[in-house]
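Notes to accompany the following structure.
The figures that follow rest on heavy atoms only: side chains count, while hydrogens, waters and symmetry mates do not.
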Amino acid sequence: MAAELTAHELIAKHRPTLDQALEAIRTRAYWSPHPEHPKAYGENGSLGAAEGKAAFDALLGGRLDLGQPGTDDWVGGEVSPYGLDLGITYPHADVDTLLPAMRRGQRAWRDAGAETRALVCVEILKRISDRTHEFAHAVMHTSGQAFMMAFQAGGPHAQDRGLEAVAYAYVEQVRTPDTAEWTKPQGKRDPLALTKRFTPVPRGIALMIGCNTFPTWNGYPGLFASLATGNAVLVKPHPRAVLPLALTVQVARDVLAEAGFDANLVALAAERPGEGIAKTLATRPEIRIVDYTGSTEFGDWLEANARQAQVYTEKAGVNTVVVESTGDYKGMLSNLAFSLSLYSGQMCTTPQNLLVPRQGIRTDEGPKSYDEVVTDLAAAVGGLLGDDARANALLGAIVNPDVKARVEAASALGEVALASREITNPEFPGAVVRSPVIVKLDGAKPDDQAAFMNECFGPVAFAVAVDSAADAVELLRRTIREKGAMTVGAYTTSEEVEEAVREACLEECAQLSLNLTGGVYVNQTAGFSDFHGSGGNPAANAALCDGAFVANRFRVVEVRSEV
């Protein structure tokens with residue numbers, strides 16, 4: 001098939017966007033080409049709110065045929081956390097047929113060069129962006145995120161992370177020139193002269209194992225980092241969150257074909273209920289890269305067993321906030337209450353342990369005892385979520401029964417400062433909606449330590465009493481080292497305490513947010529500027545995004561010849 005998207009058209013259309021992305025990762029300043037507000041869509045080929053909802057509704061109960069080779073069955077079974085049975089079926093692949101087909105297009109994709117690959121990826125992201133309203137419903141009804149969060153985190157923020165990965169991939173590939181003329185003087189003899197050619201060569205087929213909670217936001221960095229560096233990508237979505245990634249694969253295949261490349265460079269690996277194909281795929285010899293977000297247990301298994309592949313994992317951590325003192329007590333409480341509530345605490349960056357000195361803290365409102373801090377925080381969460389409509393918009397729905405069980409079991413772990421509240425969603429009566437529970441624990445008691453030193457994923461927070469700020473920092477350090485942390489927060493007006501927390505995070509390699517009291521929260525990170533994870537503690541072995549995340553997805557092969 002003749003290319004409908006020529007290299008010249010791609011350069012004219014998308015090179016300015018790529019250049020802006022390159023500048024953004026250099027300066028780390030705010031930038032995004034993807035609008036956050038739903039009203040920004042509906043013109044210039046993008047779907048507005050009504051069209052996006054109609055497009056999503058049209059998918060329900062149907063078959064999403066991607067035209068992949070090796071399809072031997074049709075599988076599905078997604079049920080929305082809001083109670084809607086999606087009824088969509090997807091191609092189930094005979095991987096012995098699909099994987100060889102994916103490899104066939106890699107030579108042309110490799111030879112296209114870093115710029116063309118990057119611009120094709122930007123076109124894929126642009127088409128996804130135009131369908132953000134449709135994708136938002138897909139993310140909402142697979143992850144349980146409330147619509148606005150699904151729209152922003154599953155749409156523009158995910159697209160930003162994908163583009164960020166493309167920019168880093170491009171930088172690393174063009175770091176080495178395509179050719180070099182090498183001449184070494186030999187005195188009176190003729191110089192030695194060689195022509196050297198350098199080609200970024202992909203590792204092979206990349207496997208992206210998707211997660212249930214943030215299928216696009218967590219999936220796009222690995223997907224686009226691998227694709228932009230020349231690798232074919234097999235997308236294995238979480239069985240409860242297939243649709244957002246299946247739509248992504250559909251768009252990618254369409255764009256690749258229109259640009260004159262093999263559509264099979266991107267394919268979907270959906271699975272039958274209970275089939276559990278991730279282990280089988282991850283250890284196939286054809287798979288040379290694995291990207292994974294999910295449990296520590298399976299992440300550790302991948303790192304130990306997928307020995308033929310370069311494995312990138314984001315696993316679980318115990319995120320901690322040190323509360324030592326504050327110059328804005330109300331702002332601190334408001335900020336923490338929102339951070340604990342957003343998406344029912346079902347974010348890998350949500351704080352879990354709040355370390356508060358048992359003798360209390362200094363504030364702009366005077367001294368506050370440990371009990372007062374915990375009581376006031378509970379009141380702030382209760383006030384934030386007191387209106388059911390607002391609560392539903394912030395909390396979304398519980399993503400799976402395990403989270404619900406953890407919330408219900410948390411009250412037995414200690415004194416409950418704030419009980420979890422069951423909230424009805426009138427639009428979706430089948431949704432399971434729970435507000436956060438806050439439990440008071442003692443940092444010096446071994447039984448309490450057994451509770452707060454393990455991740456309790458979901459809307460569960462522990463207010464941990466510690467003997468001093470120094471003890472809080474030491475417990476923070478131990479938590480990061482032993483359990484890992486995606487985020488760390490601290491509130492202090494003391495330069496000495498601030499320096500101690502900063503040093504602990506630098507030494508243990510954890511991302512730190514200090515004294516957040518406004519509209520930025522510890523569990524949010526911005527593409528092109530913030531690093532998500534560090535790759536330096538047990539919570540993750542990679543950061544989204546940096547040079548290390550992309551550079552080992554390809555190798556540079558040299559061919560030299562005499563002039």
Taking the six-membered ring for Trp, are Phe549 and Tyr168 ring centroids under 6.0 Å apart?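 That pair fails the under 6.0 Å test.
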
Is a donor on one side and an acceptor on the other found under 3.5 Å between the side chain of [X] and the backbone of [Y]?
X: Glu172; Y: Ala169; result: no
X: Glu78; Y: Val242; result: yes
X: Ser529; Y: Ala29; result: no
X: Tyr82; Y: Gly144; result: yes
X: Asn335; Y: Gly331; result: no
X: Gln352; Y: Cys456; result: yes
X: Asn319; Y: Cys348; result: yes
X: Asn231; Y: Ser226; result: yes
X: Gln346; Y: Val399; result: yes
X: Gln145; Y: Ala136; result: no

With Gln524, the side chain to side chain contact (heavy atoms under 4.5 Å, CB included) member among Leu342, Thr487, Leu516: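 Between Gln524 and the candidates, side chain to side chain contact (heavy atoms under 4.5 Å, CB included) is satisfied uniquely by Leu342.
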
For [X] and [Y], work out which heavy atoms get closest and say how close.
X: Leu66; Y: Ala246; result: CD2-O, 4.0 Å
X: Asn523; Y: Ser339; result: ND2-O, 2.9 Å
X: Ile277; Y: Ala269; result: CD1-O, 3.8 Å
X: Leu385; Y: Ser341; result: CD1-OG, 3.6 Å
X: Ala380; Y: Leu333; result: CB-O, 3.9 Å
X: Ala391; Y: Arg421; result: CB-NH2, 4.4 Å

Note, [X] side chain near [Y] side chain (heavy atom, < 4.5 Å):
X: Val433; Y: Ile398; value: no
X: Ile209; Y: Leu302; value: yes
X: Ile11; Y: Thr116; value: no
X: Pro436; Y: Leu395; value: yes
X: Lys236; Y: Glu271; value: yes
X: Val381; Y: Ser435; value: no
X: Leu223; Y: Val235; value: yes
X: Tyr90; Y: Leu268; value: yes

Of all pairs that satisfy side-chain hydrogen bond (donor to acceptor under 3.5 Å, both in side chains), the ones with a partner from residues 11-26, not counting sequence neighbours: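 For residues 11-26, and leaving out neighbouring residues, the side-chain hydrogen bond (donor to acceptor under 3.5 Å, both in side chains) pairs sorted by first residue read Lys13-Glu123, His14-Glu123, Arg15-Asp19, Arg15-Glu115, Arg15-Tyr170, Glu23-Arg26.
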
Can you list every side-chain hydrogen bond (donor to acceptor under 3.5 Å, both in side chains) pair that touches residues 35-52, not counting sequence neighbours?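 The answer is Glu36-His157.
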
Listed by chain and number, what are the ring pair (Phe, Tyr, Trp, His ring centres under 6.0 Å) partners of Phe261, not counting sequence neighbours?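 For Phe261, the residues satisfying ring pair (Phe, Tyr, Trp, His ring centres under 6.0 Å) (neighbours in sequence not counted) are Trp109.
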
How far does [atom1] of [X] sit from [atom2] of [Y], to the nearest 0.5 angstrom?
X: Leu247; Y: Leu64; atom1: CG; atom2: CG; value: 6.0 Å
X: Asp65; Y: Thr71; atom1: CG; atom2: OG1; value: 7.0 Å
X: Met486; Y: Leu544; atom1: CE; atom2: CG; value: 7.0 Å
X: Asn218; Y: Glu314; atom1: CG; atom2: CD; value: 5.0 Å
X: His532; Y: Asp546; atom1: NE2; atom2: CG; value: 12.5 Å
X: Met140; Y: Thr142; atom1: CE; atom2: OG1; value: 10.5 Å

Set of side chain to side chain donor-acceptor pair (under 3.5 Å) partners for Arg240, sequence neighbours left out: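 Counting only residues at least two positions away or on another chain, Arg240 forms a side chain to side chain donor-acceptor pair (under 3.5 Å) with Asn212.
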
Is a salt bridge present between Arg103 and Asp262, judged by a nitrogen-to-oxygen distance below 4.0 Å?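 So Arg103 does not pair with Asp262 through a salt bridge.
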
State plainly whether the residues Arg272 and Asp73 are in salt-bridge range, i.e. N to O under 4.0 Å.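 A salt bridge is present here (some side-chain N lies under 4.0 Å from a carboxylate O).
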
Whether over 12 other heavy atoms sit under 6.0 Å from Arg390 CZ: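 12 or below, so no.
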
May I have the step-by-step check of side-chain contact (heavy atoms from CB on, under 4.5 Å) for Arg161 and Thr525, ending in yes or no? CA-CA 10 Å; Arg161 283 301 190 191; Thr525 59; 3.0 Å; yes

Any luck finding a side-chain donor-acceptor pair between [X] and [Y] under 3.5 Å?
X: Arg253; Y: Gln68; value: no
X: Ser32; Y: Gln159; value: no
X: Tyr220; Y: Thr248; value: yes
X: Arg110; Y: Thr229; value: no

What pairs of residues pass the salt bridge (charged side-chain N to carboxylate O under 4.0 Å, His left out) test when at least one of them lies in residues 132-159, not counting sequence neighbours?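 Sorted pair list: Arg131-Glu134.
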
Residues Met149, Phe214; criterion side-chain contact (heavy atoms from CB on, under 4.5 Å); working and verdict: CA-CA 11 Å; Met149 185 176 186; Phe214 288 88; 3.6 Å; yes

Go through it in stages, so that I can follow the logic: the residues are Leu125 and Phe224, the test is side-chain contact (heavy atoms from CB on, under 4.5 Å), and I'd like the CA-CA distance, side-chain angles, deciding distance and then a yes or no. CA-CA 9 Å; Leu125 286 163; Phe224 284 99; 3.6 Å; yes

What pairs of residues pass the ring pair (Phe, Tyr, Trp, His ring centres under 6.0 Å) test when at least one of them lies in residues 42-66, not counting sequence neighbours?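 Listed once each, the pairs are Phe56-His137, Phe56-His141.
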
From CA spacing to verdict: side-chain contact (heavy atoms from CB on, under 4.5 Å), Asp254, Ile124: CA-CA 9 Å; Asp254 288 346; Ile124 294 169; over 6 Å; no

Pi-cation contact, Tyr312 with Arg553 (under 6.0 Å, within 45°):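 Yes, cation above the ring, under 6.0 Å and within 45°.
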
